[in-house]
Amino acid sequence: MKESLLAQLKPFGQEHLLAFWDRLDKAGRTELARQIEALDMPLVQRLYERRNNRSDFRALADRASPPPAIRRNGANNPFTPEQARAQGAAALAAGQIGTILVAGGQGTRLGFPHPKGMYPIGPVSKRTLFEILVGKIGAAARRYGVRIPLYLMTSPATDAETRAFFREQRRFGLPEEDLFVFCQGTMPALDEATGKILLETPGRLALSPDGHGGMLAALARSGALDDLESRGIRHLFYFQVDNPLVEVCGPEFLGYHLLAGSEFTPQVIAKQDPLARLGVVVQVDGRLQVIEYSDLHEDAARRRNADGTLTHWAGSPAIHAISAVLLRRLAGSAEGLPFHYARKKVPYVDAAGRQITPGEPNALKFERFIFDLLPAARNALVVEIDPAEGFAPLKNAPGAVEDTEEMVQKMMIAQHRRWLERAGADVAEGAAVEISPLYALDAEGLKRKIAAGLRITEPTYLRE
Ligand code: UTP
């Protein structure tokens, strides 16, 4: 086995991966061989060789203009909210909408020792992100009297535990045939100076999930794309595991996507802080694309229009409507989505077998991003949402300045308080409130549920 692996590695100068082979036991060798055989060596080599040919984001941002948009103020929108809601509701009721939830990330910033979806975020209920998000799918399916399948992406870092959790929790009520779990691929970390693949341990490569854009290849490879097509799903509502505030399958949002004949529609929020850590959706040469916040130079980020508003205003919370036709078309294209490079500190084992923990970035990592589908999408546009009604990501451990548990819970409570007050309830100052999506999906749903004059004075979780 060693000889054939060596023959694979040598042409690419990666034979060091077998340096500790003779020390490994049988199981260790089998596992290492499996990892090496799964590598796409020519791709890894190509990526390293092209490491300095990055896009010129400065020039790009200078040429970019704002994307076509459905704005919240509505003045120039081509469709009314009523038209959009009717169109979205019709597609939902016809069973044409599925959901994709990406949950393959390692969640390093949060530092939670399980898949992030298992984080108990409910401010009163302590329900997990998974339970809240899957509850929203179930509630939407019930409202429209249809099945709404969930295509759930995991990675080798999260797969086994996520599957076990869904089994244990009986898929949070989702019928078995409506859950399709598929696992994304990985990419190796390379020593930046030499291009050599790093070993995490003597018997294991330093691998990490290949980015949420790994979804496209994984959807096709796993059979999920065939599955959704055979079910008659035409559009997917795409969302991420860290945002419990997301309005899953909102009919108005889906309606704009459908009315515009768009193949990829990102939700956006109007950036307040020019330097907010959000990618921005822009238009360049008639095509939409996302520039990551780390690639957007400060002058461009601060640029303002004559009326004082930010030019690059459309921040992306990573919630999209995507047509199945686009997914199929691009899944079949030769190169697939491009890779983005990140310089990271990656611990490794050196040639002498010593465990090294670098103090400075030493490695290149490669990730694909789902928003790179956007330039290929026909009729793409963005839909502005109110962040208070749709975006509160859990990214960081307690104590960080943004996107912590405390901030997410505050936004969840504030949303549910607003819904309750709109439905005629009186919520005492400081009383935490939380509403299960199966109890009410939105303020309208809540109105039908609660008695006028309801007064809430202590922590309350409204559930069925
Ligand atoms: P982030 O980019 O915030 O990464 O993921 P993360 O792994 O959750 O957290 P950090 O950066 O390590 O702290 C945004 C969404 O994309 C998913 C995550 O699970 C999350 O839902 N994701 C990310 C994947 O599914 N696969 C990946 O390879 C990366």
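Atoms within each ligand, like the ligands themselves, are counted from 1 in listed order.
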Q) Tell me: protein heavy atom nearest atom 25 (O) of ligand 1, and distance? A) Gly104 N, 2.8 Å
Q. Looking only at side chains, do His297 and Asp62 share a donor and an acceptor under 3.5 Å apart?
A. yes
Q. Closest non-hydrogen protein atom to atom 23 (C) of ligand 1, residue and atom name please, with distance?
A. Gly105 CA, 3.7 Å
**Q.** Arg163 NZ/CZ over Phe166 ring centroid, <6.0 Å and within 45° of normal
**A.** no
Q: State whether the shortest distance between N or O atoms of Val241 and N or O atoms of ligand 1 falls below 3.5 angstrom.
A: yes
Q.
So which atom in Ala443 and which in Trp419 form the shortest heavy-atom distance, rounded to 0.1 Å?
A. N-CD2, 3.7 Å
Q: Any atoms of ligand 1 less than 4.0 Å from a non-hydrogen atom of Gln106? List them with their elements.
A: 7 (O)
Q) What protein heavy atom sits nearest atom 9 (O) of ligand 1, and how far away is it? A) Gly107 CA, 3.4 Å
Q: Give a yes or no on whether a salt bridge exists between Arg34 and Glu37, defined as a side-chain N under 4.0 angstrom from a carboxylate O.
A: no
Q) So which heavy atom in the protein is nearest atom 12 (O) of ligand 1, and how far is it from that ligand atom? A) Thr108 OG1, 2.5 Å
Q: Have a look at ligand 1 and work out which part of Pro209, if any, has a heavy atom under 4.0 Å from it: side chain, backbone, both or neither.
A: both
Q: For atom 28 (O) of ligand 1, grab the closest protein heavy atom and report residue, atom and distance to one decimal in Å.
A: Gly211 N, 2.8 Å
Q. To which of Lys116, Glu367, Gln240, Arg368 does the heavy atom nearest atom 8 (O) of ligand 1 belong?
A. Lys116
**Q.** Protein contact of atom 2 (O) of ligand 1 - nearest heavy atom, named by residue and atom, plus distance
**A.** Arg109 NH2, 4.3 Å
Q.
Show me which atoms of ligand 1 lie under 4.0 Å from any heavy atom of Gln184.
A. 24 (C), 25 (O), 26 (N), 27 (C), 28 (O)
Q. Among all protein non-hydrogen atoms, which one is nearest to atom 21 (O) of ligand 1, and what is the separation to 0.1 Å?
A. Val102 O, 2.8 Å
**Q.** Side-chain (Gln289) to main-chain (Arg287) donor-acceptor, under 3.5 angstrom
**A.** no
Q: Counting heavy atoms only, name the option from His212, Lys395, Met215 that's nearest to atom 29 (C) of ligand 1.
A: His212
Q) For ligand 1, which atoms have a heavy atom of Met153 less than 4.0 angstrom away? A) 25 (O)
